[in-house]
Asks: 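What follows is a structure written as structure tokens; I'll ask about it next.
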Amino acid sequence: MDRETLHRFLHDMLLARAFEERAAQEYSEGNIAGFLHLYPGEEAVAVGVIHATEPGDYIATTYREHVHALVRGIPPRQVMAELFGRRDGVCKGMGGSMHLFDRERRFMGGYAIVGETFPVATGIAYSIALRQLPEAVICFFGDGAVNQGTFHEALNMASLWKLPVLFVCENNHYQIGTEIHRHSAVVNVYKRACAYNIPAEKVNGMDVINVYEATRHALTQIRAGNGPQLLEFETYRFRGHSMADAGSYRPRVEVNSQTGRDPVETVIHEAKLGYPTQAEIAAAGPDLVEQLVGHSAAVGHFDDRHIEAVRDEVKRIVDDAAQFALSSPPPTMDDAWSSLYCNRQHETLTGAA
Amino acid sequence: MTETLQCWQALNRALDIEMSSDESVFTLGEDVGLYGGTYRVTEGLNAKYGEWRVRDTPISEGGFTGLGVGAALTGMRPVVEIMTINFALLALDAIINMAAKIPFMSGGQFPMPLVIRMPGGVARQLAAQHSQRLEHTLMNVPGLRIAVPATPQDAYWQLRQAIASDEPVILLEHELLYFEPGEVDLAAEPPPMHQAAIRRTGTDLTLVSYSRMANLAAQAADLLAKDNIRAEVIDLRSLSPIDWDTCAASLHKTHRLLVAEEDCRFAGAGAEIIATLNERCFYDLDAAPARVAGLDMPTPFNAELEAASIPGVSDIVKAARRLVGREKPL
Ligand SMILES: Cc1ncc(C[n+]2csc(CCOP(=O)(O)OP(=O)(O)O)c2C)c(N)n1
Ligand SMILES: [Mg+2]
């Protein structure tokens with residue numbers, strides 16, 4: 001891991017946390033309404049996975065997807081404006097928090113019906129395989145989604161036809177208020193993949209470097225034409241299921257033990273260890289390990305001042321995004337009709353009633 | 001003797017009473033147990049009846065609704081809660097291919113005492129996938145009964161009747177009505193499950209509606225009355241079957257028909273209501289029947305557009321005024 005990559009992780013993890021906490025605040029102030037599912041606690045998964053992808057890869061995800069969108073590069077302004085339901089939102093205020101789509105960045109949607117990402121991702125992968133392109137699809141889903149029929153149907157097809165899809169389970173142990181032992185007969189999600197002959201692994205999802213490495217490895221296999229892979233990331237959501245849920249069904253001891261594993265604190269800790277730059281690694285020569293150890297001990301590359309500077313930066317970004325969203329106009333009914341009929345080029349038989 | 005209950009409480013009471021008096025009644029669905037139900041309908045029942053009779057399920061709508069069908073075949077009385085109607089789309093095979101058809105295909109051998117409860121409707125900015133109504137989808141299925149309670153009293157009565165019925169019954173509950181209070185008489189003798197209720201009598205037009213829109217129709221009628229337009233408000237309470245007699249008798253008196261529905265206009269419940277009443281009451285009508293309905297558009301997330309995509313009280317008032325000639329036609 002070189003310092004530039006680690007810096008990007010640090011930045012995105014802090015941005016993710018700040019963005020979501022701001023969204024919660026805007027919800028409390030009435031600027032955001034509807035279902036709002038937040039991601040604090042799970043940042044390492046989206047950040048690690050998406051940083052391991054290429055721009056040509058596709059992403060299909062759930063309703064808990066603001067951070068995935070940000071890491072993929074959708075400007076925070078456009079994500080926040082969508083949460084506000086405004087015209088400058090990435091979907092013009094038609095979709096809202098649970099339905100972020102960005103065609104340009106191959107962000108293929110936030111889906112709010114649990115289990116929808118499996119077939120959609122499989123279909124995208126099918127078209128990649130058919131055209132023999134070097135791309136891959138990332139399919140995000142929660143632990144609760146694996147009991148939907150689409151999980152089994154899609155995994156079977158993806159494996160049968162060796163499709164380039166990486167199934168990524170964000171296992172936060174809960175399906176709203178139902179803990180995983182009460183919703184699944186097999187609580188190790190990765191074990192289910194073996195029923196479809198799909199290589200799978202369970203990974204600590206609270207450590208972004210782990211997540212990144214595991215994803216890179218899996219994507220290498222997939223790009224080599226070996227068919228789908230599945231990664232189960234163990235993680236935890238610090239908040240309730242959505243802003244409408246206090247999460248009070250979770251024992252205090254459980255929440256406390258998990259917040260002790262805060263992925264943002266973990267990345268800060270790792271950053272402070274002082275990783276070398278890529279040039280330094282190259283210059284280090286054969287006795288890499290020895291030199292790295294010495295290097296880390298001698299220099300703290302990212303000190304507290306540096307980390308505070310990143311915090312300030314993401315705060316500015318989030319303030320700006322919220323300001324932008326607040327001043328963006330609402331969409332018009334014409335925007336709505338033209339979204340509905342975006343693919344109807346020849347004639348319009350029915351219009352507004 | 002009546003008491004004031006919110007809709008969710010009325011449903012909770014109905015379920016509790018049926019469960020305590022009949023051991024074959026059980027309920028299942030996502031988060032109905034420990035959590036007490038998304039809209040609190042099953043609150044306290046898990047503690048009282050245990051996990052076998054108040055079962056938290058995985059997210060497997062097709063599976064657990066089909067499980068309800070299987071249990072009903074043996075004479076159990078399952079009450080399946082589908083967290084919202086939007087997820088019932090994953091259970092349509094169990095509902096349409098199985099529950100509605102097994103009694104028929106078996107030549108009448110099997111009862112189907114299955115109740116499927118599902119919240120639906122446009123709530124507050126839940127976006128296109130979570131704001132559906134879909135009554136037309138289910139109305140088009142012979143073999144199902146569809147109850148659409150608008151008041152806590154009807155919610156109480158109709159859930160109890162649905163559980164007691166040997167037919168598959170869908171209870172369409174509106175998400176915005178759960179926390180609306182109303183007077184409920186727990187002991188009163190209920191009308192038949194499908195009988196329409198005349199919420200207000202009038203002579204100038206018949207305003208037919210159901211579920212939350214029936215409440216808006218009643219508010220519209222209050223406003224119209226100030227203008228000396230007397231609307232008769234019919235709350236259908238059931239969309240399958242529909243109580244045509246009550247509607248026809250009203251039209252015989254008012255000669256004008258306006259239907260208010262929240263669902264999309266195209267091929268919706270209103271289309272069926274108007275077609276049938278046209279066939280049946282053509283010579284009673286003094287004007288072409290009219291509809292106030294939702295736009296033929298998925299529900300936009302933005303709050304203003306969302307509100308504009310479904311009828312409000314003022315839309316009903318305007319359409320009624322037009323129908324009685326107080327306002328220029330469109
Ligand atoms: C088909 C379907 N059923 C039920 C729901 C309601 N629902 C929304 S999220 C959720 C829990 C999903 O849990 P999980 O897959 O673990 O994802 P998490 O929210 O924990 O990220 C449920 C039951 C839904 N959206 N879609
Ligand atoms: Mg989960």
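Predicted model only: the values in this text are computed from it and were never measured. Numbered from 1 within each chain, the chains take letters A, B, ... in sequence-line order.
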Asks: Once rounded to the nearest 0.5 Å, what's the spacing between atom CG of B/Leu295 and atom CH2 of A/Trp337?
Replies: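 If we round to the nearest 0.5 Å, B/Leu295:CG and A/Trp337:CH2 are 5.0 Å apart.
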Asks: Could you please state which residues from residues 146-154 of chain A sit under 4.5 angstrom from chain B, measuring non-hydrogen atom to non-hydrogen atom, sorted by number, or 'none'?
Replies: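 The stretch touches chain B at A/Asn147, A/Gln148.
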Asks: Around B/Lys318, counting heavy atoms of other residues, nucleotides and ligands shown, do more than 12 lie under 6.0 Å from its NZ?
Replies: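 No - once you tally the heavy atoms of other residues, nucleotides and ligands closer than 6.0 Å, there are 12 at most.
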Asks: Taking 4.5 Å as the heavy-atom cut-off, does anything in residues 179-193 of chain A contact chain B, and if so which residues?
Replies: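 Within residues 179-193 of chain A, the residues that come under 4.5 Å of chain B (heavy atoms only) are A/Arg182, A/His183.
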Asks: Would you mind telling me which of A/Cys91, A/Ser339, A/Gly144 has the largest number of heavy-atom pairs within less than 4.5 Å of chain B?
Replies: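 Highest number of heavy-atom pairs under 4.5 Å: A/Gly144.
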Asks: Quick one: of A/Pro331, A/Pro330, A/Ala336, who has the most non-hydrogen atom pairs under 4.5 Å with chain B?
Replies: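 Ranked by heavy-atom pairs under 4.5 Å with chain B, first place is A/Pro331.
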Asks: Is there any residue in residues 28-37 of chain A with a non-hydrogen atom under 4.5 Å from a non-hydrogen atom of chain B, and which ones are they?
Replies: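 So the qualifying residues are A/Ala33, A/Gly34, A/Phe35.
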Asks: At a heavy-atom distance under 4.5 Å, which candidate from B/Glu51, B/Met297, B/Glu30 has the highest pair count against chain A?
Replies: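 With the most close heavy-atom pairs to chain A, the winner is B/Met297.
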Asks: Can you tell which of A/Ile113, A/Thr178, A/Ile176, A/Val114 makes a side-chain contact (heavy atoms from CB on, under 4.5 Å) with B/Ile59?
Replies: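 Among A/Ile113, A/Thr178, A/Ile176, A/Val114, the one meeting side-chain contact (heavy atoms from CB on, under 4.5 Å) with B/Ile59 is A/Val114.
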Asks: Atom OG1 in B/Thr38, atom NE2 in A/His241: separation rounded to 0.5 Å?
Replies: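 Spacing of OG1 (B/Thr38) from NE2 (A/His241) equals 9.0 Å.
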Asks: Using a cut-off of 6.0 Å, state whether more than 12 heavy atoms not belonging to A/Gln323 lie near its atom CD.
Replies: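 No, CD of A/Gln323 has 12 or fewer neighbouring heavy atoms, counting only those of other groups under 6.0 Å.
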Asks: Give, for atom CG of A/Asp335 and atom CG of B/Leu305, the distance between the pair rounded to the nearest 0.5 Å.
Replies: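 Those atoms lie 7.5 Å apart.
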Asks: Quick one: does any side-chain atom of B/Gln125 pair with a main-chain N or O of A/Gly96 as donor and acceptor, under 3.5 Å?
Replies: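 Checked: no pair found.
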Asks: If you check every heavy atom in residues 244-256 of chain A against those of chain B, which residues fall under 4.5 Å?
Replies: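 Within residues 244-256 of chain A, the residues that come under 4.5 Å of chain B (heavy atoms only) are A/Asp245, A/Tyr249.
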Asks: When you look at CG of B/Asn140, are more than 12 heavy atoms from neighbouring residues, nucleotides or ligands closer to it than 6.0 Å?
Replies: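 No, CG of B/Asn140 has 12 or fewer neighbouring heavy atoms, counting only those of other groups under 6.0 Å.
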Asks: Please look at B/Glu61 and chain A and tell me whether the side chain, the backbone, both or neither of the residue comes under 4.5 angstrom of a heavy atom of that chain.
Replies: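 It is both, since atoms from each part get that close.
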Asks: Is it the side chain or the backbone of B/Leu90 that comes within 4.5 Å of chain A heavy atoms, both, or neither?
Replies: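 The side chain, not the backbone.
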Asks: Measure across B/His130 and A/Ala112 and return the closest heavy-atom pair with its distance rounded to 0.1 Å.
Replies: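 What the structure gives for the nearest pair is CE1-O, 3.2 Å.
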Asks: Could you tell me the separation between the OG1 atom of B/Thr299 and the CE atom of A/Met94, rounded to the nearest 0.5 Å?
Replies: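 It is 12.0 Å, given to the nearest 0.5 Å.
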Asks: Does the B/Asp31 side chain pair with the main chain of A/Gly177, one donor and one acceptor, at a distance under 3.5 Å?
Replies: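 Yes; at least one donor-acceptor contact below 3.5 Å.
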Asks: From A/Ser97 OG over to B/Phe301 CZ, what is the distance, rounded to the nearest 0.5 angstrom?
Replies: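 Answer rounded to 0.5 Å: 6.5 Å.
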Asks: Atom CZ of residue position B/Arg124 - does it have more than 12 heavy atoms of other residues, nucleotides or ligands inside 6.0 Å?
Replies: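 Atom CZ in B/Arg124 is not crowded, with 12 or fewer foreign heavy atoms closer than 6.0 Å.
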Asks: With a 4.5 Å heavy-atom cut-off, do A/Met98 and B/Gln129 have their side chains touching?
Replies: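 When only atoms from C-beta onward are counted, B/Gln129 and A/Met98 do not touch, as no gap falls below 4.5 Å.
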Asks: Is it the side chain or the backbone of B/Glu304 that comes within 4.5 Å of chain A heavy atoms, both, or neither?
Replies: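 The answer is the side chain of B/Glu304.
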Asks: So which heavy atom on B/Ala127 is nearest to which on A/His99, and how close?
Replies: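 Closest heavy-atom pair between B/Ala127 and A/His99: CB-CD2, 3.6 Å.
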